[in-house]
2 protein chains.
Amino acid sequence: MTVYNFSAGPSMLPEAVLQEAARGLRDYNGSGMSVMELSHRSRQFVQIIERAEAALRRLMRIPAEYSVLFLQGGASSQFAMVPMNLAQSATAAAYIDTGNWSQRAIAEAKLLSRAEVIASSADKNYTYIPRDYQLAPDAAYLHITSNNTLEGTRFGEIPSAGRVPLIADMSSEMLSREIDVAKFGLIYAGAQKNIGPAGLTVVIIRTDLVGRPARNVPTMLRYDVHCEARSLYNTPPCYAVYVAGLVFEWLEQMGGVAAVETLNEIKARALYDFLDQSSLFSNSVARADRSRMNVPFTAPSEELNEKFLAASEGAGLLTLRGHRLVGGMRASIYNAMPLAGVQKLVEMMQQFEYENAGGKHV
Amino acid sequence: MTVYNFSAGPSMLPEAVLQEAARGLRDYNGSGMSVMELSHRSRQFVQIIERAEAALRRLMRIPAEYSVLFLQGGASSQFAMVPMNLAQSATAAAYIDTGNWSQRAIAEAKLLSRAEVIASSADKNYTYIPRDYQLAPDAAYLHITSNNTLEGTRFGEIPSAGRVPLIADMSSEMLSREIDVAKFGLIYAGAQKNIGPAGLTVVIIRTDLVGRPARNVPTMLRYDVHCEARSLYNTPPCYAVYVAGLVFEWLEQMGGVAAVETLNEIKARALYDFLDQSSLFSNSVARADRSRMNVPFTAPSEELNEKFLAASEGAGLLTLRGHRLVGGMRASIYNAMPLAGVQKLVEMMQQFEYENAGGKHV
């Protein structure tokens with residue numbers, strides 16, 4: 001049975017990438033060595049990491065004045081690195097609070113430097129993206145979570161921060177839509193959604209922001225150290241970098257970010273169109289702010305949610321359970337999810353609704 | 001041509017592990033999903049990480065009062081985490097300086113807390129392990145680098161630290177020899193030598209040492225956070241954990257650590273015995289302190305070193321070039337290096353000596 005995996009991350013990878021990754025795992029380019037066995041200082045691995053960076057630069061049209069880093073530690077480490085490196089001045093950093101992952105970033109920034117929340121959608125349970133806020137012109141930076149994996153929202157339009165560096169956690173949407181990198185001071189993303197395997201974090205930073213941080217910042221948490229060493233200060237997660245490079249090349253073969261964005265719009269529309277006319281399932285996010293990557297939805301009762309989850313699992317539609325903090329269902333439909341997977345999900349929901357619609361309590 | 005890879009890390013992995021890892025990469029246990037696609041919260045992945053921990057506990061006979069952590073960031077991150085978590089008191093931590101990696105650990109500890117070097121083998125270019133030192137009974141801890149990858153030394157006997165917690169960077173020798181975990185407060189190791197792929201770090205910590213660190217420690221650098229979450233505070237390097245688990249099970253099939261230690265002794269002896277009688281090649285490490293994992297050696301001139309490196313590469317004996325700080329050659333012969341690889345290297349050295357011995361200038 002073909003299965004479709006709607007996991008929020010780690011999540012589906014393109015079949016062609018997994019095939020090639022398995023070849024490289026057994027024997028890299030006829031070297032007799034696995035990619036995993038290559039020294040990170042070897043000619044072969046340096047080619048792998050440089051090729052990955054070059055492909056990412058092409059895909060996102062990253063301007064020359066930005067550095068690309070392949071790091072470890074996930075977005076959770078970036079929650080600390082951003083304030084430790086970029087908020088060393090007396091001026092507070094500004095954060096927009098759009099849900100669970102924003103809150104974690106904010107808590108870490110408050111722990112390690114000065115940060116203030118200038119807007120929040122907590123008042124409506126994070127079902128929208130706030131648009132009204134005052135940004136101090138001397139704020140250290142403005143931090144946003146551009147796509148909110150749990151809540152199913154996204155910044156459709158990237159906010160303007162003027163001369164204040166804009167920092168974005170794009171973990172769950174990097175490479176899924178065209179963005180203008182020049183609008184950002186720093187972009188970071190855990191790889192395990194649209195980029196590759198867990199254990200790799202991509203950082204894109206405007207090089208003039210890379211200063212010398214305060215004395216007590218651990219070496220491994222310094223952007224300047226990693227920039228200077230071109231991500232080879234210590235042994236990087238080599239195999240994950242290799243797989244990410246394969247994903248980037250797959251994406252180029254698909255036609256690049258613009259092409260995959262079009263496909264992502266079609267996938268998301270199929271799901272939202274169904275939800276909007278459904279008599280059983282619903283999604284509570286403001287329409288203008290809906291994520292194209294993560295679509296949370298619920299049936300009218302816990303019992304029906306559980307029944308649907310069991311039925312979908314049986315039909316090969318996997319990992320649809322919503323995050324433990326939110327409940328219900330969530331379909332994560334990243335770049336690697338084919339349209340056929342979304343269509344099968346919609347058909348399954350239609351069938352389930354037909355059989356269970358009598359149970360809706362509105 | 002069969003190749004043997006003498007890289008210091010990332011390094012050789014057992015062929016059986018790579019085969020199984022490639023299967024899991026394509027389809028994990030008939031799930032239709034790659035291991036890389038499994039949610040880290042899924043039943044399957046939780047089984048994978050629990051199985052890996054259980055196998056490691058069996059292999060090293062880790063007492064119940066120790067926690068096992070699967071982290072990111074390499075030994076370089078442990079250089080910071082150890083002092084940030086364990087040297088919060090006013091008492092300085094004690095370090096024994098046995099070379100390049102010790103120095104990095106010491107520099108980080110001095111940056112982030114109070115540390116002092118109580119012994120060093122710098123006086124003889126790190127060719128031996130110091131045995132004379134005074135350890136203050138109230139030192140926060142004693143830190144050693146148990147095997148020195150660049151210098152080719154090791155602590156044959158683990159020093160006694162009394163009631164002071166003993167911390168060991170065992171990156172390049174964990175699982176290669178039997179050790180009594182109960183003698184240590186904390187052991188850490190980057191995976192890319194004897195454990196698995198780069199991007200994974202294993203920490204074994206006596207649970208009573210896991211306190212609440214000072215307020216300004218980034219969450220991702222706190223042992224208490226990772227212990228409480230059983231390495232799932234954030235998304236771990238899932239595939240690397242899976243491969244490490246396969247390595248642990250392979251090691252059990254080989255007969256465990258005692259069996260592999262016997263084999264490692266035979267491999268190392270073959271190389272040292274040849275070096276000790278060679279008229280061309282030499283190793284300058286004090287005999288009692290020789291590493292079983294990393295064997296540095298030199299020919300009498302740069303020209304002969306380069307000639308040997310080119311010849312060995314041509315014969316499928318790869319990555320024998322010494323570390324850029326040291327020069328010459330280095331054979332890293334971790335658990336996954338078969339005896340046949342060492343024998344082929346010795347034969348190659350014999351042949352090279354026969355052809356070039358006239359060039360030795362002693």
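Every chain is numbered from 1, with letters handed out A, B, ... down the list of sequences. Below, each value reflects all heavy atoms present in this structure, side chains not excepted, and no hydrogens, waters or symmetry copies.
Between A:L25 and B:L25 the shortest heavy-atom distance is CD2-CD2, 4.3 Å.
For the set A:A8, A:A198, A:A75, A:A191, the entry with the most heavy-atom pairs within less than 4.5 Å of chain B is A:A198. Here B:G199 is the residue among B:G199, B:G32, B:G196, B:G9 with the most heavy-atom pairs under 4.5 Å with chain A. Looking only at heavy-atom pairs under 4.5 Å with chain A, the residue among B:L318, B:V243, B:V3, B:L18 that has the most is B:L18.
Contacts of B:V35 with chain A are absent, with no heavy-atom separation under 4.5 Å from either backbone or side chain. If you measure heavy-atom distances from A:A80 to chain B, the contacts under 4.5 Å come from the side chain alone. For A:P218, the parts lying near chain B are the backbone and the side chain together; criterion is any non-hydrogen pair under 4.5 Å. Contact of B:L71 with chain A is not made at all, since no heavy-atom distance falls under 4.5 Å. Heavy-atom distances place no part of A:A240 under 4.5 Å from chain B, backbone and side chain included.
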Give the C-alpha distance, both sets of side-chain angles, the deciding distance and a yes or no for side chain to side chain contact (heavy atoms under 4.5 Å, CB included) between B:L221 and A:L221. CA-CA 10 Å; B:L221 299 188; A:L221 299 188; 3.7 Å; yes

Distance-only criterion, 3.5 Å: which donor-acceptor pairs connect chain B and chain A?
unit_1	atom_1	unit_2	atom_2	d
B:N5	ND2	A:E37	O	2.8
B:L13	N	A:E37	OE2	2.7
B:E15	OE2	A:R26	NH2	2.5
B:R26	NH2	A:E15	OE2	2.6
B:E37	O	A:N5	ND2	2.9
B:E37	OE2	A:L13	N	2.7
B:Q72	OE1	A:G73	N	2.8
B:G73	N	A:Q72	OE1	2.8
B:G73	O	A:N234	ND2	3.3
B:E108	OE1	A:T219	OG1	2.5
B:E108	OE2	A:T219	N	2.8
B:E108	OE2	A:T219	OG1	3.3
B:L111	O	A:R215	NH1	3.0
B:Q192	NE2	A:T235	OG1	3.2
B:R215	NH1	A:L111	O	3.0
B:T219	N	A:E108	OE2	2.8
B:T219	OG1	A:E108	OE1	2.5
B:T219	OG1	A:E108	OE2	3.3
B:N234	ND2	A:G73	O	3.3
B:T235	OG1	A:Q192	NE2	3.2

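No side-chain heavy atom of B:L38 sits less than 4.5 Å from a side-chain heavy atom of A:P10.
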